[in-house]
J.: 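A single structure is presented below for examination.
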Amino acid sequence: MITGGSGLLALNWACAVRNKWDVVLGTHQHSVRLAETNTSKLNLDNEVHLRDQLDGLSPDLVVHTAGLTSVDRCDADRDLAHHANAVVARNIAEATAKRNIALIHISTDHLFVGDRCFYSEQEPVQPINEYGRSKALAEEWVQAAYPKSLILRTNFFGWGHRHRQSFSDWLIYNLRVGKPLTLFDDVYFTPILADRLALAAHELVEKGASGIFNLVGPTRLSKYEFGLRVSDYFSLPTNLINRGQLSLAALLAPRPRDMSLDSSKAQQVLGHGLGTIHEYLRDLQAQEEEGRRSELLESIDG
């Protein structure tokens with residue numbers, strides 16, 4: 001079962017594993033139609049209802065992707081961020097722990113000041129915005145409620161739907177219609193394709209891994225460099241991409257300049273690497289050719 005079932009990560013995760021697992025997408029606001037999956041309305045806010053729903057569905061594994069990911073909205077509504085990202089995560093952890101259901105909790109790379117690169121799992125967290133603070137608290141509460149859970153810090157991309165675009169969607173769609181874009185050349189991250197994240201996460205579960213893992217791509221890129229890679233791979237005009245700087249942007253919430261994570265711990269447990277940015281973009285292109293983009297665009301009602 002995947003919470004946040006109408007979200008970008010949940011839909012791509014389902015696509016990546018639906019040939020091997022019976023997938024239930026747990027939804028809240030939107031209705032979902034995705035081939036070879038089932039859906040179930042979940043009440044993540046009510047612990048009693050959530051426990052009853054888990055008893056009815058009896059999943060072997062819960063992947064908790066639901067949350068409030070808008071950095072600016074989290075700063076504007078701190079109570080909502082606290083509830084959506086921390087309280088709900090604790091509800092899920094407590095309910096799955098009591099039933100001994102395996103749990104993957106999706107965290108974030110927004111947990112550090114951003115004054116250095118390739119943060120490891122051992123680094124003490126020091127978030128600088130409310131999104132990061134609420135996700136850091138979620139990690140703390142999930143670990144306390146369910147020590148056997150797997151907590152994944154990541155930054156992913158993949159095909160989205162009509163209500164939610166990933167960074168790569170935004171780049172591709174805008175460049176295809178000739179719209180100039182400005183991308184930060186002073187903000188760094190280590191992106192991974194959503195499918196690679198999902199498959200590696202299942203491998204970690206099968207190996208009995210628990211605790212915090214960085215599950216990201218191996219390449220540290222600025223947002224500007226990522227944009228150039230995407231435009232090159234999809235044969236889009238790179239001259240439409242302009243350099244910008246975070247320091248000059250009028251954003252509500254502060255952002256870390258460097259969100260890159262070190263994934264060596266995960267690679268050591270898995271016994272292999274996590275792919276390359278070239279492979280991710282190759283797979284993203286193949287997914288579009290195979291119909292993933294069109295399928296996901298039509299997957300959400302309303």
J.: Looking only at heavy atoms, which two atoms of A76 and L252 are closest? And how far apart?
T.: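 Smallest interatomic distance, heavy atoms only, reads CB-CD2, 4.0 Å.
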J.: When you compare the side chain of H30 with that of H163, does any pair of heavy atoms fall below 4.5 Å?
T.: yes
J.: Between H83 and D45, is the side-chain hydrogen bond (donor to acceptor under 3.5 Å, both in side chains) condition met? List the steps.
T.: CA-CA 9 Å; H83 180 80; D45 300 319; 2.7 Å; yes
J.: Are any of the side-chain heavy atoms of N91 and L44 separated by less than 4.5 Å?
T.: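 N91 vs L44: side chains apart.
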J.: Keeping S263 on the side-chain end and A266 on the backbone end, is there a donor-acceptor pair under 3.5 Å?
T.: no
J.: List the steps, then state whether side chain to side chain contact (heavy atoms under 4.5 Å, CB included) holds for I300 with V32.
T.: CA-CA 5 Å; I300 308 298; V32 179; 3.7 Å; yes
J.: If I take atom CD1 from residue I277 and atom CZ from residue F157, how far apart are they, to the nearest 0.5 angstrom?
T.: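 Here the interatomic distance stands at 4.5 Å.
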J.: Are I92 and V87 in one and the same hydrophobic cluster, where Ile, Leu, Val, Met, Phe, Trp and Tyr link if side-chain heavy atoms are under 4.5 Å apart?
T.: no
J.: Taking A35's backbone N and O only, do any of them form a donor-acceptor pair with R18's side chain (distance below 3.5 Å, no angle check)?
T.: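 It does hold such a pair.
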J.: Begin with the C-alpha distance, continue with both residues' side-chain angles, and end with the deciding distance and a verdict on side chain to side chain contact (heavy atoms under 4.5 Å, CB included) for I2 and T37.
T.: CA-CA 11 Å; I2 309 175; T37 69; over 6 Å; no
J.: In this structure, which one of D109, T108, L68 forms a side-chain contact (heavy atoms from CB on, under 4.5 Å) with K135?
T.: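 Only one of D109, T108, L68 forms a side-chain contact (heavy atoms from CB on, under 4.5 Å) with K135, namely T108.
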J.: Spell out, as yes or no, whether a donor-acceptor pair under 3.5 Å connects the side chain of T154 to the backbone of L215.
T.: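 Side chain of T154 to backbone of L215, a donor-acceptor pair under 3.5 Å: yes, one is there.
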J.: Output yes when E94 and R51 qualify as a salt bridge under the 4.0 Å nitrogen-oxygen rule, no when they do not.
T.: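 Salt bridge: no.
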J.: Shortest non-hydrogen contact from I104 to V205?
T.: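 Nearest heavy atoms, I104 then V205: CD1-CG2, 3.6 Å.
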J.: Under 3.5 Å, is there a donor-acceptor pair between the side chain of Y173 and the main chain of Q165?
T.: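 Such a contact is absent between Y173 side chain and Q165 backbone.
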J.: To the closest 0.5 Å, what do you measure between CG (L228) and CD1 (I241)?
T.: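 Going from CG on L228 over to CD1 on I241, the span is 5.0 Å.
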J.: A side-chain contact here means heavy atoms from C-beta on lying under 4.5 Å apart; do N155 and T190 qualify?
T.: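 Of all side-chain heavy-atom pairs linking T190 with N155, none is under 4.5 Å.
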J.: Has D169 got a side-chain atom pairing as donor or acceptor with S166's backbone, closer than 3.5 angstrom?
T.: yes
J.: Side chains of N129 and D75: any donor to acceptor distance under 3.5 Å?
T.: no
J.: Does R116 make a cation-pi contact with Y119 (under 6.0 Å, within 45 degrees of the axis)?
T.: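 Yes, a cation-pi geometry holds between R116 and Y119.
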J.: Same hydrophobic cluster for L103 and L25, using side-chain heavy-atom links shorter than 4.5 Å among ILVMFWY?
T.: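 L103 and L25: separate clusters.
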J.: Are the aromatic rings of Y233 and H278 close, with centres under 6.0 Å apart?
T.: yes
J.: Taking all non-hydrogen atoms of both residues into account, name the closest pair between L296 and C15 and its distance.
T.: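 That would be CD2-SG, 4.1 Å.
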J.: Could you pull out the closest heavy-atom pair between L270 and L274, with the gap in Å?
T.: CD1-CD2, 3.6 Å
J.: Would you call E36 and K20 a salt bridge, using N to O less than 4.0 angstrom?
T.: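 Between K20 and E36 there is no salt bridge, as every charged N stays at least 4.0 Å from the carboxylate O atoms.
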J.: Do you see a donor-acceptor pair shorter than 3.5 Å between the side chains of N43 and H28?
T.: no
J.: Is R255 salt-bridged to E130, cutoff N-O under 4.0 Å?
T.: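 Answer for the salt bridge query: no.
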J.: Distance only, no hydrogens: is a donor on one side chain within 3.5 Å (strictly under) of an acceptor on the other, for H64 and T3?
T.: yes
J.: Give a yes or no answer on whether the side chain of S294 reaches the backbone of G291 with a donor-acceptor pair at less than 3.5 Å.
T.: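 Side chain of S294 to backbone of G291, a donor-acceptor pair under 3.5 Å: no, none is there.
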J.: To the nearest 0.5 Å, tell me how far S231 OG sits from L183 CG.
T.: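 Reported to 0.5 Å precision, the distance equals 9.0 Å.
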J.: Check for me whether R90 meets the cation-pi criterion with W141, that is, NZ or CZ under 6.0 Å from the six-membered ring centre and within 45 degrees of the ring axis.
T.: yes
J.: If the threshold is 4.0 Å, N to carboxylate O, is there a salt bridge linking E121 and R153?
T.: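 Result for this pair is no, no salt bridge flagged.
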J.: What are the two closest non-hydrogen atoms of C117 and D258, and how far apart are they?
T.: CB-OD2, 3.4 Å
J.: Are any side-chain N or O atoms of S260 and backbone N or O atoms of Y188, one a donor and one an acceptor, separated by less than 3.5 Å?
T.: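 Looks like no, no N/O pair under 3.5 Å.
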J.: Look at atom CZ of R229 and say whether more than 12 heavy atoms of other residues, nucleotides or ligands are closer to it than 6.0 Å.
T.: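 No, the 6.0 Å shell around CZ holds no more than 12 heavy atoms from other groups.
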J.: Between N242 and Y224, is a side chain to side chain contact (heavy atoms under 4.5 Å, CB included) present by the stated rule, with each step listed?
T.: CA-CA 8 Å; N242 302 302; Y224 175 75; over 6 Å; no
J.: Check whether any side-chain N or O of R164 sits under 3.5 Å from a backbone N or O of G7 as a donor-acceptor pair, and report yes or no.
T.: no
J.: If I compare all heavy atoms of L111 with all of G132, which pair ends up nearest, and what's the gap?
T.: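 Smallest heavy-atom distance, with atoms named: CD2-O, 3.6 Å.
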J.: Determine, using ring centers only, whether F226 and F167 are less than 6.0 Å apart.
T.: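 Yes, the ring of F167 comes within the 6.0 Å limit of the ring of F226, centre to centre.
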J.: Are side-chain heavy atoms of S40 and L57 found at a separation under 4.5 Å?
T.: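 In short, these two side chains touch, coming nearer than 4.5 Å.
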J.: Going by heavy atoms in the side chains, are F213 and I151 under 4.5 Å from each other?
T.: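 Side chain of F213 against side chain of I151, heavy atoms only: no contact under 4.5 Å found.
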J.: As an exercise, state the distance from NZ of K148 to OG1 of T96, rounded to the nearest 0.5 Å.
T.: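 Rounded to the nearest 0.5 Å, the NZ-OG1 separation comes out at 10.0 Å.
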J.: A quick test of your reading: do over 12 heavy atoms of other residues, nucleotides or ligands sit less than 6.0 Å from CD of Q143?
T.: yes
J.: Counting distance only, does the side-chain N/O of W13 pair as donor-acceptor with the main-chain N or O of A194 below 3.5 Å?
T.: no
J.: Applying the 4.5 Å side-chain criterion to the ILVMFWY set and letting contacts propagate, would I106 and M1 be lumped into a single cluster?
T.: no
J.: Does this structure show an ion pair linking D55 with K98, if we count only N-O contacts that are shorter than 4.0 Å?
T.: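 No, D55 and K98 are not salt-bridged.
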J.: I want to check something: taking the side chain as every heavy atom from C-beta on, are R243 and T182 in contact at a cut-off of under 4.5 Å?
T.: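 Heavy-atom side-chain distance check fails, nothing below 4.5 Å.
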J.: Answer yes or no: does atom CG of D72 have more than 12 heavy-atom neighbours from other residues, nucleotides or ligands under 6.0 Å?
T.: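 More than 12 within 6.0 Å, yes.
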J.: Is there a donor-acceptor pair under 3.5 Å between the side chain of N214 and the backbone N or O of D262?
T.: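 Indeed, once roles are kept as given, a pair shorter than 3.5 Å links the two residues.
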J.: Rounded at 0.5 Å granularity, tell me how far CH2 in W159 sits from CD in Q287.
T.: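 Separation between the atoms: 8.5 Å.
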J.: Applying a strict under-4.5 Å side-chain criterion to I, L, V, M, F, W and Y, I'd like to know whether L236 and L221 cluster together.
T.: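 Yes, because L236 and L221 connect within a single hydrophobic cluster, where side-chain heavy atoms sit under 4.5 Å apart.
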J.: Going hydrophobic residue to hydrophobic residue with side-chain gaps under 4.5 angstrom, can you get from L150 over to F156?
T.: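 Both belong to a single hydrophobic cluster.
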J.: How far does OG1 of T238 sit from CG of L181, to the nearest 0.5 angstrom?
T.: 12.0 Å
J.: Might you confirm whether atom CZ of R73 has over 12 heavy atoms from other residues, nucleotides or ligands at distances under 6.0 Å?
T.: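 Atom CZ in R73 is not packed in, count stays at 12 or less.
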J.: Please examine the side chains of M259 and F112, heavy atoms only from C-beta on, and report whether any two atoms are closer than 4.5 Å.
T.: no
J.: Given the rule in the side chain to side chain contact (heavy atoms under 4.5 Å, CB included) test, do S107 and L152 qualify, once you have shown the distances and angles that lead to the verdict?
T.: CA-CA 5 Å; S107 189; L152 302 180; over 6 Å; no
J.: Does a donor on one side chain and an acceptor on the other come within less than 3.5 Å for R292 and N12?
T.: yes
J.: Please tell me if the side chains of L9 and L11 come closer than 4.5 Å, counting only heavy atoms from C-beta onward.
T.: no
J.: Decide whether E298 and H161 meet the rule of one side-chain donor and one side-chain acceptor closer than 3.5 Å.
T.: no
